[in-house]
Amino acid sequence: MAQSDGAGRPGLHAVVTQRSSLSSSISQGPASPGSATTSPPLTGGTVDHQPMATVLAYDTAMLRHTCPCSTTNHIEHPGRLQSIKARLCQVGLEDKCIKTKGRKATHQELTSVHSENHTNLYFGNGKKKVHGDSSKYFVKMRCDQWGVDADTVWNESHTGTAARIAAGTVIELATHVATGNYKNGYAIVRPPGHHAEQKRAMAFCYFNNVAVAATQLLLHAHAQKILIFDWSIHHGNGTHDIFYDSDSVLYISIHRFDHGKFFPGTGAAEQVGDGVGKGHTVNIPFSFDTDTPLAKRPTIGDAEYLAAFRNIVYPIAREFSPDIVLVSAGFDAMANHSPQIGGYSVSAQCYGYMTQELMKVTNIPGKVVLALEGGYSLPDICDASEACTRALLDLPMPPLAADVESTQPDPACMRAINKTAQTMSPYWACMRNEARGVDQMSETVAAAKALQELSKPNAGDRMEHAESMDMDQEQPGESSV
């Protein structure tokens, strides 16, 4: 096990330095159950080497993680997975993919990221944790059942197993894609993971599925450089912190921030990483003006996400040139989510487009693994999952809305994109040029807004006033440039 970083969990650098010693002991064939240094194939037998195949990874055991109250008040529920799987089957995409089941993550895999106490606490089932020495970690939820916070269900019989399977499934899928057994894939898993910190479960998340998978790829030398792109509307605070001092993992997040007032309140543009990891944490935080009434806030959607993706995400990803891309695929920025948990209107086509583009940034094209995070509107997550799976399969994609390319992004979002570009410019060559380009885009947005104002009633008076101000500022003998 790696040396502790002083916070009760293994230090990432210590974990990564074990790669050379472990690589000689990693078997190339099927592993025995519970092995600490090898991973059993998803299929339970020898992997069918299909380097051009797309995988759908899913396990019904994750459906058993549910609240004993049996009400419909919990937005993170088994129906999310069932609906996605049913949609992919209905439209014929499931039959075009390799279908695999998951496996449980081992204790050693989980402690490569989480503290031993955290792992022990949520590792197993049926230990009456809520009434024993560990009861301080559990609270009564609104439905009068036990959870780790007001919304995060703890089912003593099933949650620990489901959380281990979610993490293990992402580990396995990422491993097979990284080693070339499959081209890419989608892990349809729950509970989600990107909020899980090294020593804390929160916001539906117990183990950080993507972070554990990334660490295992590094530990076993299956990848040297990994891009984690988190497009959930909520910042992935757990993943952000876990890799904050790493230059092997590039973490990029587009998220709603609202000046730190939108959950979880982390992910400011100034948070760029630490030590050798400086520049490898890239936050693109969108904020509404906090004093703007809810009804008057602009609609944030495809135009803003595409501006962030094209100006920040894609250029930095290309320059980083990762071996594999892991996507924390939360779909809660889609339209049918309340402002309390969402409030944006990103389309399924936009998620499909970003997936398609991400397949171009890896050293060997196509090495992308999506892991389901949030998203609680069943029609939305089904639409997005369908679009992303089509992208993974290299099938024709539904086009973006006709007006997306001509829509000027929200000025506040453009300012956020520009700030991130400027913040990243010391670390990435592409951002030294991009910061100027985004600034020019911001000027274009400002000009467009001015033209809109001038087209309103009484605009003529404002026009004359503006012209008189320009004349006052221009002195005889001077020329305006």
>> Any side-chain to backbone donor/acceptor pair from R80 onto G375? Under 3.5 Å, distance only.
In response: yes

> Taking all non-hydrogen atoms of both residues, which atom of A335 and which atom of D380 are closest, and how far apart?
Replying inline: N-OD2, 3.6 Å

>> Here's one to test your reading of the geometry: is the NZ or CZ of R164 within 45 degrees of the ring axis of F207 and under 6.0 Å from its centre?
In response: no

> After noting the C-alpha distance and the side-chain angles of T175 and Q216, does the key distance pass the side-chain hydrogen bond (donor to acceptor under 3.5 Å, both in side chains) rule?
Replying inline: CA-CA 8 Å; T175 298; Q216 290 302 304; over 6 Å; no

> Has the side chain of H280 got a donor or acceptor atom that lies under 3.5 Å from a matching backbone atom of S248?
Replying inline: no

> Given side chains that start at C-beta, do those of D247 and F320 come closer than 4.5 Å, heavy atoms only?
Replying inline: no

>> With side chain to side chain contact (heavy atoms under 4.5 Å, CB included) as the criterion, how do Y186 and V327 come out once you've worked through the C-alpha distance, each side chain's angles and the decisive distance to 0.1 Å?
In response: CA-CA 9 Å; Y186 181 16; V327 180; over 6 Å; no

> Do you know which two heavy atoms are closest between A269 and P285, and how far apart they sit?
Replying inline: N-CG, 3.7 Å

>> Show, in sequence, the C-alpha distance, side-chain angles and deciding distance for T152 and M202, and conclude whether the side chain to side chain contact (heavy atoms under 4.5 Å, CB included) test is met.
In response: CA-CA 7 Å; T152 304; M202 60 182 291; 5.8 Å; no

> Does K278 make a cation-pi contact with Y427 (under 6.0 Å, within 45 degrees of the axis)?
Replying inline: no

>> Suppose the criterion is salt bridge (Lys or Arg N to Asp or Glu O under 4.0 Å): which pairs have a residue in residues 55-70, not counting sequence neighbours?
In response: none

>> Any non-hydrogen side-chain atom of E270 less than 4.5 Å from a side-chain atom of K419?
In response: yes

>> Quick one about T266 and H235 (side-chain donor to acceptor, distance below 3.5 Å, no hydrogens or angles considered), yes or no?
In response: yes

> Under a 4.0 Å N-O cut-off, is there an ion pair linking E76 with R190?
Replying inline: yes

> Should we say atom CG of L395 is surrounded by more than 12 heavy atoms from elsewhere, each under 6.0 Å from it?
Replying inline: yes

> How are the rings of Y122 and Y206 set relative to one another: parallel (under 30°), tilted (30 to 60°) or perpendicular (over 60°)?
Replying inline: perpendicular

>> So which atom in T355 and which in C388 form the shortest heavy-atom distance, rounded to 0.1 Å?
In response: OG1-SG, 3.4 Å

>> Is any side-chain heavy atom of D383 closer than 4.5 Å to one of Q349?
In response: no

>> Please determine whether side-chain hydrogen bond (donor to acceptor under 3.5 Å, both in side chains) holds for the pair Q340 and S338, giving the CA-CA distance in whole Å, both sets of side-chain angles, and the decisive distance to 0.1 Å.
In response: CA-CA 5 Å; Q340 290 71 32; S338 70; 3.2 Å; yes

>> Using side-chain hydrogen bond (donor to acceptor under 3.5 Å, both in side chains), reason through T66 and N155 one step at a time and then give a plain yes or no.
In response: CA-CA 6 Å; T66 186; N155 182 318; over 6 Å; no

> Does the side chain to side chain contact (heavy atoms under 4.5 Å, CB included) test come out yes or no for I252 and L227, once each step is laid out?
Replying inline: CA-CA 8 Å; I252 305 180; L227 166 62; 3.8 Å; yes

> Counting distance only, does the side-chain N/O of W428 pair as donor-acceptor with the main-chain N or O of G279 below 3.5 Å?
Replying inline: yes

>> Quick check: closest heavy atoms across M431 and I312, and the distance to 0.1 Å?
In response: SD-CD1, 3.7 Å

>> For the OH atom of Y182 and the CG atom of L173, what is their distance to the nearest 0.5 Å?
In response: 9.5 Å

>> Tell me whether K367 at atom NZ has more than 12 heavy atoms from other residues, nucleotides or ligands lying less than 6.0 Å away.
In response: yes

> What heavy-atom pair brings A308 and I417 nearest, and what distance separates the two atoms?
Replying inline: N-CD1, 3.5 Å

> If you round to the nearest 0.5 Å, how far is CG of D245 from OG1 of T281?
Replying inline: 9.0 Å

>> Give me the atom names and distance for the closest heavy-atom approach of H65 to H158.
In response: N-CB, 4.1 Å

> What's the spacing between I228 CD1 and L250 CG if we round to 0.5 Å?
Replying inline: 9.0 Å

>> Taking the ring centre of each residue, are F262 and H255 less than 6.0 Å apart?
In response: no

> Could you give all pairs that pass the side-chain hydrogen bond (donor to acceptor under 3.5 Å, both in side chains) test and reach residues 321-333, with sequence neighbours left out?
Replying inline: S232-D332, H234-D332, S321-N363, D323-N363, S328-E373

> Under the 3.5 angstrom rule, does the side chain of T111 hit a backbone N or O of Q108 as a donor-acceptor pair?
Replying inline: yes

> Does a salt bridge link K183 with D394, judged by any charged N lying under 4.0 Å from a carboxylate O?
Replying inline: yes

> So, do F123 and H107 have ring centers that fall under 6.0 Å from each other?
Replying inline: yes

> For the side chain of S385 and the backbone of C382, is there at least one donor-acceptor N/O pair under 3.5 Å apart?
Replying inline: no

> So, the side chain of D149 versus the backbone of A203: is there a donor-acceptor pair under 3.5 Å, distance only?
Replying inline: yes

>> Please determine whether the number of non-hydrogen atoms from other residues, nucleotides or ligands lying under 6.0 Å from atom NZ of K96 exceeds 12.
In response: no

> Can you tell me how far OG1 of T420 sits from CG of N311, rounded to the nearest 0.5 angstrom?
Replying inline: 10.5 Å

>> Angle between ring planes, Y351 versus W231, binned at 30° and 60°: parallel, tilted or perpendicular?
In response: tilted

> Within the side chain of N283, is there an N or O that forms a donor-acceptor pair under 3.5 Å with the backbone of A268?
Replying inline: yes

>> With rounding to the nearest 0.5 angstrom, report the CD1 to CD1 distance, I254 to I284.
In response: 4.5 Å

>> Quick one, F138 with L121, criterion side chain to side chain contact (heavy atoms under 4.5 Å, CB included). Give me CA distance, side-chain angles, the key distance, then yes/no.
In response: CA-CA 11 Å; F138 299 91; L121 181 60; 4.1 Å; yes

>> Just so I know, are the side chains of R256 and F288 near enough to count as touching, which here means a heavy-atom distance under 4.5 Å?
In response: yes

>> Taking ring-ring contact (aromatic ring centres under 6.0 Å, His included) as the definition, give me every residue that meets it alongside Y244, ordered by chain and number, with sequence neighbours left out.
In response: H240

